Enquirer: 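Questions regarding the structure given below will be posed in turn.
Chain letters run A, B, ... following the sequence lines, proteins first and then strands; every chain starts at 1. Just so we're clear, the structure is a prediction, and the values are computed from it rather than from any experiment.
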Amino acid sequence: MGRRRSYLEELNPAQLEAVRTLFGPVLVIAGAGSGKTRTLVYRVARLVEEGVPPERILLLTFTRKAAREMLRRASLLLGRSCERVSGGTFHSLSHQMLREYGRLIGFSPNFTVLDRGDAEDAINLLRSSLGLSEKGRRFPKKDTLAALFSKAVNQGRTLAKILEREYPHFFEYLPEIERLFLEYQRYKREHQLMDYDDLLLHWHRVLLEHSEVRAEISRRFEFIMVDEYQDTNWLQAEIVRLMAEGHGNVMVVGDDSQSIYAFRGANFRNILEFPRLFPGTRIIKLEENYRSTQPILDLANAVIERAREKYTKCLFTRRPGGQKPIRYRARDESDQSRFVAERILELREEGVPLSEIAVLFRAAFHSFDLELELARQDLPFVKYGGLKLIEAAHIKDVVAHLKILLNPFDFLSWHRVLLLLEGVGPRTAEKIITHLRASSDPLRALSSVPARPSYEKGLRRLTQTLEALRRISSVEERLEELIEYYRPLLERIYHDDYPKRERDLESLLSLAHRYQDLSEFLADLALEPPESAVADLEPETEKEDHIVLSTIHSAKGLEWHTVFVISLCEGRFPSAYAVASEEELEEERRLFYVAVTRAREGLYLCHPVTGYLPGEGRVILKPSRFLEELPSELWEEWREIPAEEAREEAASAGFRPGDLVWHPQFGEGEVREVLPAEKIRIYFLGHGEKTLHLKFARLERL
DNA sequence: GGTGACCATCTTTTT
DNA sequence: GATGGTCACC
């Protein structure tokens with residue numbers, strides 16, 4: 001009882017209302033840092049406490065990491081039972097449900113999930129077989145086609161409409177593109193394949209067409225909560241509506257100012273539609289910010305104030321004082337890297353743990369230079385976003401074999417696997433596949449494939465390996481055996497850098513360790529890929545103290561003591577691809593808003609004035625318009641003083657007790673005493689007395 | 001038909 | 001830096 005009292009007392013009135021409203025539809029508009037996660041966590045705890053079986057609560061989050069973190073926190077409040085709460089992403093839930101109910105629309109429980117790369121491969125295959133890739137034609141490439149198809153599904157628009165608006169130069173190919181789209185859908189169905197969009201689409205269809213499933217699901221999940229609702233699309237909203245049809249107990253939480261996934265069909269207006277979808281919705285607004293200091297919040301508010309459309313009000317905080325955001329004008333990218341590394345070293349000196357520092361950027365490749373610098377300085381970091389382990393070609397090779405074991409009709413994977421053999425090219429692979437296709441057991445049929453001498457040996461080795469793998473059940477052992485088989489192929493195909501790639505295979509193996517079930521392993525690889533990028537996937541580093549480098553998209557929902565936003569220049573942020581339309585630009589602005597609201601105490605905004613742009617080489621980079629439009633009283637320019645100059649200046653000018661000074665970290669202070677060995681004791685407002693090195697402290701006289 | 005070497009191209013963000 | 005396309009050669 002005491003525990004319950006105490007946790008409810010920690011909430012403000014709005015949060016409390018959200019936690020206490022258990023029945024009926026609720027929409028929570030939660031500004032950045034307004035204790036949204038805490039509210040969800042407490043509500044889960046509250047439901048469990050009221051006697052709702054945890055597995056009847058469904059918590060839909062943007063990543064599974066987010067779900068796990070929330071359930072962990074709920075467990076701290078109320079004990080282990082909270083971990084049994086059902087949770088995950090829309091995609092993983094749909095996947096799970098389709099394994100159970102997919103039969104109703106003709107899918108075996110062993111269907112294969114295509115990630116983006118797989119989908120592109122399939123499209124490419126069909127594109128050539130339809131004769132659409134003859135040379136001399138400017139027919140769209142596989143990645144464009146995949147993006148196009150995905151948009152059509154996620155935004156619920158026709159191909160013609162999207163082409164007309166966004167790819168007018170391809171409009172002449174509309175009939176062919178439409179044919180390819182149909183062909184792609186047929187191909188997936190025929191081979192028991194689903195891409196990301198199909199997971200949602202098919203689950204939606206099951207719900208729509210089978211009222212008995214809807215009823216069952218409503219009983220199974222009596223309470224539904226959705227986080228980051230501003231980043232859902234119409235299809236996801238529909239899924240929620242249908243799943244909750246029996247009871248209407250749905251709480252969605254979101255912030256329209258943080259909507260950053262329009263490019264994949266998310267629509268922040270979904271938030272406003274919610275009350276229409278669920279009549280009688282209670283709306284609760286969380287506007288008090290518990291995260292950032294006032295100067296950071298002032299800047300954030302200024303960013304979002306310029307947004308064309310916004311629905312939430314200004315955030316306020318009770319954390320006055322603190323250091324103004326600092327803007328740094330770097331000569332070039334390496335100067336920017338040096339600057340960031342130096343500040344990080346200083347912060348560490350001041351006692352800020354590395355895990356409390358993050359560097360954020362618009363696109364994954366913006367941090368390449370910094371990564372080198374951090375490595376030179378021996379500063380440990382983990383990078384999120386960008387090329388993931390699972391996307392590396394050699395990992396996909398290995399995984400394709402596993403997919404075949406699970407779904408022998410996955411001829412897309414067959415294609416990939418066969419191409420690896422020496423002496424087998426696209427034509428031969430297709431010929432072999434035609435043979436396999438005729439059989440009801442393609443794996444078995446492999447041994448009877450008529451083979452030419454040039455590749456007979458390789459084919460036989462593949463056959464034997466697959467046969468052997470079929471008899472093993474442990475995921476880890478299977479993978480070990482498979483890597484044994486694959487290693488010689490790896491060395492032949494990637495002869496330039498195979499040792500590096502071999503290490504990735506080891507990482508994959510260590511991931512497999514946790515799994516008993518192959519289908520689970522493969523599904524997780526596709527739906528919840530390990531977030532960190534290639535090559536730093538050591539489980540040990542997870543616990544170590546390290547800096548986070550992350551794309552802003554991957555940093556959503558997280559916070560740090562100090563945040564650096566780098567490469568804030570035109571063409572990079574906002575991205576050159578996003579300046580064409582007002583809407584895209586608005587999304588870039590919200591992205592910037594998300595970036596700055598990640599910071600609690602310290603915020604650095606960096607922009608190199610020269611750098612490389614694709615195609616043009618080294619050019620002058622203009623500061624990002626998002627920086628330029630900020631009122632100058634909201635930030636301070638970092639004044640770089642070379643260490644030697646600073647020392648001379650300090651020595652010659654000579655600080656005296658009573659002098660007023662300013663320090664970038666601690667703000668305004670008064671000199672108390674000048675100590676030997678270039679040290680100085682200063683009293684800072686709000687920070688107390690500090691002893692600083694004149695050599696390192698960048699003091700300014702006031 | 002397959003391979004390997006050379007060239008150009010273009011790099012957003014994610015389930 | 002990786003991918004795609006083209007070409008010469010086996």
Side-chain angles (χ1 to χ4, degrees), chain A residues 60-66 88-95 113-117 119-121 124 128 133-137 141-144 146-147 150 153-154 194-200 228 231-233 235-236 259-266 360-366 368 384-388 390-393 418-419 421-431 452 454-455 458 492-497 500 523-529 531 534 550-556 567 571-579 584 587-588 590-592 594-595 612-616:
Chain A
L60 289 171
T61 51
F62 210 66
T63 63
R64 198 169 50 185
K65 200 171 73 183
T89 61
F90 272 95
H91 290 87
S92 67
L93 173 80
S94 299
H95 172 258
V113 178
L114 303 181
D115 63 26
R116 180 57 181 268
E120 286 178 5
D121 289 346
N124 213 25
S128 8
S133 36
E134 284 139 31
K135 51 180 166 181
R137 291 172 48 125
K141 293 210 293 271
K142 61 176 183 178
D143 47 335
T144 312
S150 184
V153 172
N154 281 298
M194 290 193 205
D195 63 22
Y196 288 140
D197 302 329
D198 292 328
L199 290 172
L200 302 180
E228 311 282 10
D231 286 322
T232 58
N233 59 34
L235 194 51
Q236 291 164 317
S259 160
I260 52 177
Y261 280 96
F263 69 89
R264 73 171 204 215
L360 307 181
F361 32 85
R362 172 68 240 262
F365 71 92
H366 292 165
F368 286 164
Y384 296 108
L387 190 72
K388 297 199 177 113
I390 181 66
E391 288 160 5
L418 291 169
L419 275 181
L421 304 176
E422 183 148 37
V424 177
R427 296 312 270 259
T428 310
E430 278 312 304
K431 242 165 60 190
R452 282 152 143 257
S454 55
Y455 57 84
R492 177 176 58 86
I493 301 167
Y494 306 102
H495 42 80
D496 284 346
D497 59 350
K500 199 173 76 192
D524 275 7
L525 279 182
L527 296 172
E528 296 279 344
E531 288 224 37
V534 190
S550 176
T551 58
I552 300 169
H553 283 92
S554 300
K556 188 158 81 148
S567 280
R572 292 194 171 184
F573 194 179
S575 157
Y577 292 85
V579 292
E584 286 173 298
E587 176 143 319
E588 296 285 303
R590 291 193 296 268
L591 199 54
F592 184 47
V594 169
Y612 290 92
L613 275 187
E616 298 176 67

Enquirer: Looking at B:dT15, B:dT12, B:dT14, which one has an atom nearest to any side-chain atom of A:Glu588?
Expert: B:dT12

Enquirer: Please give, in whole Å, the distance from B:dT13 P to A:Asp231 CG?
Expert: 16 Å

Enquirer: Nearest whole angstrom, please: distance from the C1' of B:dT12 to the CZ of A:Arg572.
Expert: 13 Å

Enquirer: Give a yes or no on whether A:Arg492 atom CZ has more than 12 heavy-atom contacts from other residues, nucleotides or ligands under 6.0 Å away.
Expert: yes

Enquirer: Looking at A:Arg362 and A:Glu588, is there a salt bridge between them, counting it only when a charged N and a carboxylate O are closer than 4.0 Å?
Expert: yes

Enquirer: Whole angstrom is fine here: how far is it from CZ in A:Phe368 over to C1' in C:dG1?
Expert: 8 Å

Enquirer: Does A:Ala526 or A:Ala363 map to a spot on DNA chain B nearer the 5' end, using the closest nucleotide for each?
Expert: A:Ala363

Enquirer: Just checking A:Ala576: base, sugar-phosphate only, or nothing, at a heavy-atom cut-off of under 4.0 Å?
Expert: nothing

Enquirer: Starting the side chain at C-beta, find the nucleotide from B:dT14, B:dT12, C:dG4 nearest to A:Tyr261.
Expert: B:dT14

Enquirer: Figure out the CG/P separation between A:Asn124 and C:dG4, and round it to whole Å.
Expert: 7 Å

Enquirer: Report the relative orientation of the aromatic rings in A:Phe62 and A:Tyr261; use parallel for angles under 30°, tilted for 30 to 60°, perpendicular for over 60°.
Expert: tilted

Enquirer: Contact class for A:Lys556 vs. all strands (heavy atom < 4.0 Å): base, sugar-phosphate, or nothing?
Expert: nothing

Enquirer: Between A:Ser94 and A:Phe90 (side chain of the first, backbone of the second, donor and acceptor by atom type, cut-off under 3.5 Å), is there such a pair?
Expert: yes

Enquirer: Between the side chains of A:Asp121 and A:Lys142, is the shortest nitrogen-to-carboxylate-oxygen separation below 4.0 Å, so that they form an ion pair?
Expert: yes

Enquirer: Checking A:Glu587 now: which residues fulfil side-chain contact (heavy atoms from CB on, under 4.5 Å) with it, not counting sequence neighbours?
Expert: A:Ala262, A:Phe263, A:Arg590

Enquirer: Atom CG of A:Asp143 and atom P of C:dA2: how far apart are they, to the nearest Å?
Expert: 17 Å

Enquirer: Hey, does the side chain of A:Thr551 come within less than 4.0 Å of B:dT14's phosphate (OP1/OP2), counting only N and O?
Expert: yes

Enquirer: Of the non-hydrogen atoms in A:Thr428 and A:Val424, which two are nearest, and what is the gap between them?
Expert: CB-CG1, 3.9 Å

Enquirer: OP1 or OP2 of B:dT14 less than 4.0 angstrom from a side-chain nitrogen or oxygen of A:Ser554, does that happen here?
Expert: yes

Enquirer: Output the rounded distance in Å from CD (A:Glu228) to C1' (B:dT15).
Expert: 14 Å

Enquirer: Enumerate the protein-to-nucleotides 7-9 of chain B contacts in which both atoms are nitrogen or oxygen and the separation is below 3.5 Å.
Expert:
none

Enquirer: For A:Ala147 and A:Arg116, work out which heavy atoms get closest and say how close.
Expert: N-NH2, 3.3 Å

Enquirer: Do A:Phe263 and the base of B:dT13 stack face to face, with centres under 5.5 Å apart and an angle between planes under 30°?
Expert: yes

Enquirer: Check the distance between B:dT13's C1' and A:Asn154's CG and give it to me in whole angstrom.
Expert: 14 Å

Enquirer: Can you give me the N/O atom pairs linking the protein to nucleotides 2-5 of chain B at distances under 3.5 Å, or say none if there are none?
Expert:
unit_1, atom_1, unit_2, atom_2, d
B:dG2, OP1, A:Gly425, N, 2.9
B:dG2, OP1, A:Thr428, N, 3.1
B:dG2, OP1, A:Thr428, OG1, 2.1
B:dG2, OP2, A:Arg427, N, 3.4
B:dT3, OP1, A:Gly423, N, 2.4
B:dT3, OP2, A:Val424, O, 3.3

Enquirer: For A:Ser92 and for A:Arg452, locate the closest nucleotide of DNA chain B by heavy-atom distance; then report the residue assigned to the nucleotide nearer the 5' terminus.
Expert: A:Arg452

Enquirer: Where is the tightest heavy-atom contact between A:Leu199 and A:Val113, given as atom of each residue plus distance?
Expert: CD1-CG1, 4.3 Å

Enquirer: Sort out for me which residue in A:Val153, A:Leu114, A:Asp115 forms a side chain to side chain contact (heavy atoms under 4.5 Å, CB included) with A:Tyr196.
Expert: A:Asp115

Enquirer: From the list B:dT13, B:dT14, B:dT12, which nucleotide is the closest neighbour of the side chain of A:Ala364?
Expert: B:dT13

Enquirer: Taking CD from A:Glu391 and P from B:dT14, how many angstroms apart are they, rounded to a whole number?
Expert: 9 Å

